[in-house]
Amino acid sequence: MTPARLAAACDALLGGIDGRLVVVAPHASAAVVAFRARAADAADTPVGAVIVWLGERGESERRTAVLADVRARLPVGAPLVVVDYNQPRTRGRRWANALELWLRGVPSSRARYLVAREVARSGFTVERARLADGERLQLVRAVRAA
């Protein structure tokens, strides 16, 4: 999926909100370039958040800390979109995806991880989860719970 298409998919899941966003992309992913101009700084009150974990190895303690930090910055009811790897269901796509992850230095087990469950455990209410790019990506929309 191209960075522009991924940014458009994230924006659609955010619901077309206008304002500053918390933008988290531990690896300088080209997928979040479109959101950098809308990134909130410490003085801003963000209206939503986008987290892109593509390219990350996936240490769960670090991910939990990032989600807690984002939750603390967002007002109640603010939307969050999280993008992560996914394991396709068909054998051919699964092998191709595993090869791509291996080439990026990411363990293939990362693709079997359900990011929606992690987001829910972090104090968000998951509203929607969808697959994109031939089932290779998970896109999760959640809102900050009270």
Practice prompt. Answer whether the closest heavy-atom distance between the side chains of L67 and L80 falls below 4.5 Å.
Written response: yes
Discussion item. Using a 6.0 Å cut-off, check whether atom CZ of R117 has over 12 heavy atoms from anything other than its own residue.
Written reply: no
Worksheet item: Do the non-hydrogen side-chain atoms of R20 and V47 ever get within less than 4.5 Å of each other?
Response: no
Discussion item. Is the shortest side-chain heavy-atom distance between L137 and D84 below 4.5 Å?
Written reply: no
Practice prompt. Could you please spell out the steps behind the side-chain contact (heavy atoms from CB on, under 4.5 Å) verdict for E118 and W53?
Written response: CA-CA 13 Å; E118 179 181 37; W53 276 321; 3.8 Å; yes
Could you pull out all donor-acceptor pairs under 3.5 Å where a side-chain atom in residues 139-146 meets a protein atom, sequence neighbours excluded?
{"unit_1": "R141", "atom_1": "NE", "unit_2": "E127", "atom_2": "OE1", "d": "2.7"}
{"unit_1": "R141", "atom_1": "NH1", "unit_2": "L13", "atom_2": "O", "d": "2.9"}
{"unit_1": "R141", "atom_1": "NH1", "unit_2": "L14", "atom_2": "O", "d": "3.4"}
{"unit_1": "R141", "atom_1": "NH2", "unit_2": "E127", "atom_2": "OE1", "d": "3.4"}
{"unit_1": "R144", "atom_1": "NE", "unit_2": "R71", "atom_2": "O", "d": "2.7"}
{"unit_1": "R144", "atom_1": "NE", "unit_2": "L74", "atom_2": "O", "d": "3.0"}

Fill in: Test item: V83 and I51 side chains (from C-beta on) under 4.5 Å apart, heavy atoms
no
Discussion item. Taking salt bridge (charged side-chain N to carboxylate O under 4.0 Å, His left out) as the cut-off, I'd like each qualifying pair that reaches into residues 1-10, sequence neighbours left out, listed once.
Written reply: none
Worksheet item: Minimum heavy-atom separation for P46 to P75, with atom names?
Response: O-CD, 3.3 Å
